[in-house]
Novice: 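I am attaching a structure below and will ask some questions about it afterwards.
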Protein chains: 2
Amino acid sequence: MVQDNASGQGGTGTFRPGSGTAARRRPTLRMVAELAGVSTATVSYVFSGRNGGGSGVAEPTAKRVLEAAEQLNYRPNRAARTIRTGRSDTVQLSLHMLSDPWSLAVAAAVNEEANRHGLTTLILADGDWYAALDRVESDVAYLDAAVGSDEARRKLQALAERGQRLVVFSETLEPDGYDVIRSDAIPGCYLAMDHLLERHTAIGCLVAEGAVRTPEHSRYTPYLVRMRERGLPIVPEHTATYADTQASAFTAAVALLSREDRPTAIYATTDFAAIAAINAAHMLGLRVPHDVAVIGIGNTPDAQSIAPTLTTVGPTDFYRRQAEIIVARALDSGDGEPGLHEFPWSLVPGGSTDLDAPPRPARTN
Amino acid sequence: MVQDNASGQGGTGTFRPGSGTAARRRPTLRMVAELAGVSTATVSYVFSGRNGGGSGVAEPTAKRVLEAAEQLNYRPNRAARTIRTGRSDTVQLSLHMLSDPWSLAVAAAVNEEANRHGLTTLILADGDWYAALDRVESDVAYLDAAVGSDEARRKLQALAERGQRLVVFSETLEPDGYDVIRSDAIPGCYLAMDHLLERHTAIGCLVAEGAVRTPEHSRYTPYLVRMRERGLPIVPEHTATYADTQASAFTAAVALLSREDRPTAIYATTDFAAIAAINAAHMLGLRVPHDVAVIGIGNTPDAQSIAPTLTTVGPTDFYRRQAEIIVARALDSGDGEPGLHEFPWSLVPGGSTDLDAPPRPARTN
DNA sequence: GAACGGAATCGAATCGATTCGATACCTCGA
DNA sequence: TCGAGGTATCGAATCGATTCGATTCCGTTC
């Protein structure tokens with residue numbers, strides 16, 4: 001099953017030369033103390049920087065301790081520290097899907113903010129968020145896209161009562177011993193439609209399969225509502241659905257844009273689908289935004305890394321501010337009781353709908 | 001900075017109704033034992049399934065313990081368990097870049113394999129891999145793309161001597177108390193060039209900036225070598241460089257393909273750049289592979305999610321097999337001494353170079 | 001009825017750190 | 001010379017689990 005050939009090049013042996021076979025066990029603080037001829041307390045003070053009553057460890061003693069630690073190759077055991085102090089200096093992110101651009105953006109932002117405060121970010125990707133919480137000790141846990149079921153509510157509250165600090169992202173849950181971050185997309189979707197309606201009447205829709213089946217509170221509704229309000233015809237063939245793969249969105253967009261009566265603008269319910277639509281348009285020889293305008297939803301970082309840049313809607317400065325909330329809760333510096341944090345959405349203009357921009361901004365090298 | 005308005009809807013108060021303010025501290029095994037009227041040993045046996053000498057905990061006792069635990073909302077403290085048993089049931093992945101398709105594919109595969117064995121996967125994304133290793137206790141740590149510097153070698157060996165089990169992905173390091181996974185891209189790059197040379201002579205190159213500056217052992221070399229071997233002219237303008245953003249690769253590809261004397265095939269040094277090239281071709285109205293063929297390098301999952309599918313080179317079944325090695329090491333079931341695990345590369349045919357395929361396979365809905 | 005054997009449970013040591021109160025040491029002033 | 005006061009260090013309890021050897025409580029057997 002696995003091919004081992006440790007003698008890759010030359011005749012260098014497999015075993016490390018200097019170290020005997022005895023060096024198997026991990027060195028402990030006590031060993032360091034013995035080697036340095038001090039108590040365990042002193043070693044601990046040297047490593048933690050703190051000190052019980054006095055103003056610190058004397059210089060020569062500290063030097064001796066550090067040398068002993070170096071010689072033994074000592075590093076503190078995190079689990080032992082955690083059990084004693086009750087802190088793990090760790091932020092846990094439980095993400096439902098690893099490759100989702102939203103999740104990645106959150107992870108990157110939290111990681112940066114956590115590092116700034118000396119914390120470590122742990123990412124757990126698992127189908128079962130709640131199980132994940134019982135698998136690692138962490139100062140605070142962030143749950144991605146928590147649903148509002150009664151079971152979820154119960155489990156979250158149980159965790160909170162046990163003292164686990166929690167931040168959940170949810171459009172339906174209410175705070176209940178834990179923080180809730182909410183960023184309702186629907187008002188933003190109306191902004192997106194309004195933007196397109198300034199210049200277009202033949203608008204197509206690129207929407208996730210599930211949203212068409214159950215349109216209530218989905219991103220499909222704003223499309224239907226606005227079209228109806230303006231008295232515009234809702235052409236069934238102008239709605240194309242996609243699953244959650246890039247290829248699926250691309251295929252759907254091609255089908256939509258290769259019609260005789262193709263729309264002059266596309267309302268895509270995710271940035272990711274909007275980007276697929278731009279690629280599809282280019283493949284079909286259509287210019288964006290002149291032949292077809294495209295708007296996305298979500299304001300993910302990807303929106304900036306395509307030519308032309310994507311017009312989208314989303315919360316502003318969302319990732320950074322969300323990261324601040326999470327880390328503040330880990331440090332227990334959050335403002336008192338957990339509560340609701342709302343992030344309103346707004347329009348983020350880009351080249352994919354801006355007719356006044358030069359046709360192909362990406363061409364310059 | 002943060003807007004709290006916990007009274008979101010209706011008049012529901014902020015505080016949870018049932019629980020008093022006393023329920024602040026996390027319940028311990030001892031509390032469960034007292035409530036159930038048994039010793040801590042018994043509670044531990046109930047939760048771990050194991051038992052000291054006897055054949056198990058009696059049914060009525062176990063029931064009493066579980067009820068007490070349920071009532072107190074008890075969950076074992078992982079840090080305490082880790083310190084006592086020396087195992088954390090945890091696999092740690094230290095990735096240098098979170099959004100890299102390779103890293104994500106590794107993470108997904110390891111996560112699946114780890115779950116299958118009751119382990120939890122922790123992902124650390126950090127600039128400093130070695131520092132990350134001192135921040136969490138884990139049964140095994142995987143290091144992404146370790147460089148072969150002397151400092152890296154020293155640090156890795158120090159970790160290994162301390163008993164930390166390690167699996168590193170590296171093209172230059174040799175095993176030294178830790179496993180090395182190697183998957184040399186260069187032979188694969190030659191395969192890619194050979195594939196293009198079967199039908200093309202005017203071949204362009206899309207290469208990372210760094211590789212052009214220091215071509216030794218880079219993916220640029222196989223391009224130069226093969227072109228020279230065949231006596232084909234190496235047109236300087238047929239080499240375009242990109243940084244590590246999608247937009248950058250896209251721009252480079254557009255520049256390359258909008259030339260009068262554009263090449264009929266593109267050798268891209270990553271799948272990611274190859275995909276950008278396909279998109280660029282489509283935008284310029286060029287058909288892939290008829291007007292321009294494209295080959296990528298790496299065999300990432302993304303290669304399958306574009307139309308036409310990408311021809312690429314890479315190791316086969318790499319992610320799953322790599323995951324097996326890592327998890328086996330965590331469970332200490334790996335075959336004895338750590339060693340070298342090599343994954344050879346081969347050609348993965350796709351539509352982006354296959355002239356016999358229908359022109360636009362994505363068109364069907 | 002006493003000795004025996006096995007199952008169920010218990011008590012206490014232990015893992016590797018932190019931290020509080022106590023102690024040893026030193027200097028300085030009267 | 002003695003005591004006060006401050007500093008550096010130490011000893012031991014502790015965090016929450018696991019686990020080994022010991023103990024109790026049965027029902028059997030002779």
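Keep in mind it's a predicted model, so treat the numbers as computed, not measured. The sequence lines fix the lettering, A, B, ..., with proteins before strands; numbering per chain opens at 1.
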Novice: Once you round it to whole Å, what is the distance between C1' of C:dG16 and CZ of B:R87?
Specialist: 18 Å

Novice: Looking at D:dT19, C:dA17, D:dC10, which one has an atom nearest to any side-chain atom of A:S39?
Specialist: D:dC10

Novice: Residues of residues 58-67 of chain A with any non-hydrogen atom less than 4.0 angstrom from an atom of DNA chain C: list those, numerically ordered, please.
Specialist: none

Novice: So, does A:T42 get its side chain near the phosphate of D:dC10, meaning an N or O under 4.0 Å from OP1 or OP2?
Specialist: yes

Novice: Step by step, would you call B:D144 with B:S94 a side chain to side chain donor-acceptor pair (under 3.5 Å)?
Specialist: CA-CA 6 Å; B:D144 193 8; B:S94 298; over 6 Å; no

Novice: With the threshold set at under 4.0 Å for non-hydrogen atoms, list the residues of residues 71-84 of chain A touching DNA chain D in residue-number order.
Specialist: A:I83, A:R84

Novice: For A:Q92 and A:V136, which heavy atoms make the closest approach, and how far apart are they?
Specialist: NE2-O, 3.8 Å

Novice: Quick one: which of B:R75, B:R26, B:R81 gives a salt bridge (charged side-chain N to carboxylate O under 4.0 Å, His left out) with A:E137?
Specialist: B:R26

Novice: Checking side chain to side chain donor-acceptor pair (under 3.5 Å) for the pair B:T90/B:D139: CA distance, chi angles, key distance, verdict?
Specialist: CA-CA 6 Å; B:T90 271; B:D139 294 342; over 6 Å; no

Novice: Report the distance from atom CZ of B:R30 to atom C1' of D:dT14, rounded to the nearest whole Å.
Specialist: 10 Å

Novice: Answer yes or no: does a side-chain N or O of B:S44 lie under 4.0 Å from OP1 or OP2 of D:dT18?
Specialist: yes

Novice: Using whole Å, what does the distance between atom P of nucleotide C:dG11 and atom CG of B:L29 come to?
Specialist: 14 Å

Novice: Rounded to whole angstrom units, what separation is found between the CZ atom of B:F47 and the P atom of D:dA17?
Specialist: 9 Å

Novice: Rounded to the nearest Å, what distance is computed from the OH atom of residue B:Y45 to the C1' atom of nucleotide C:dG11?
Specialist: 11 Å

Novice: Tell me, do A:T28 and A:N77 make a side-chain contact under 4.5 Å, heavy atoms counted?
Specialist: no

Novice: With sugar-phosphate meaning primed atoms plus P, OP1 and OP2, does A:V43 contact a base, only sugar-phosphate, or nothing at under 4.0 Å between heavy atoms?
Specialist: nothing

Novice: Once you round to the nearest 0.5 Å, how far does NZ of A:K155 lie from CG of A:L159?
Specialist: 9.5 Å

Novice: To the nearest 0.5 Å, what is the distance between OG on A:S138 and CG on B:L122?
Specialist: 10.0 Å

Novice: Do the side-chain N and O atoms of B:Q157 and B:E161 include a donor-acceptor pair separated by under 3.5 angstrom?
Specialist: yes

Novice: Among D:dA17, D:dC20, C:dT9, which is the nearest nucleotide to the side chain of B:T28?
Specialist: D:dA17

Novice: What's the CD-P distance between B:E34 and C:dC10, to the nearest Å?
Specialist: 12 Å

Novice: Check the distance between C:dC15's C1' and A:R26's CZ and give it to me in whole angstrom.
Specialist: 12 Å

Novice: Would you indicate whether the side-chain heavy atoms of A:L156 and A:D176 approach each other to under 4.5 Å?
Specialist: no

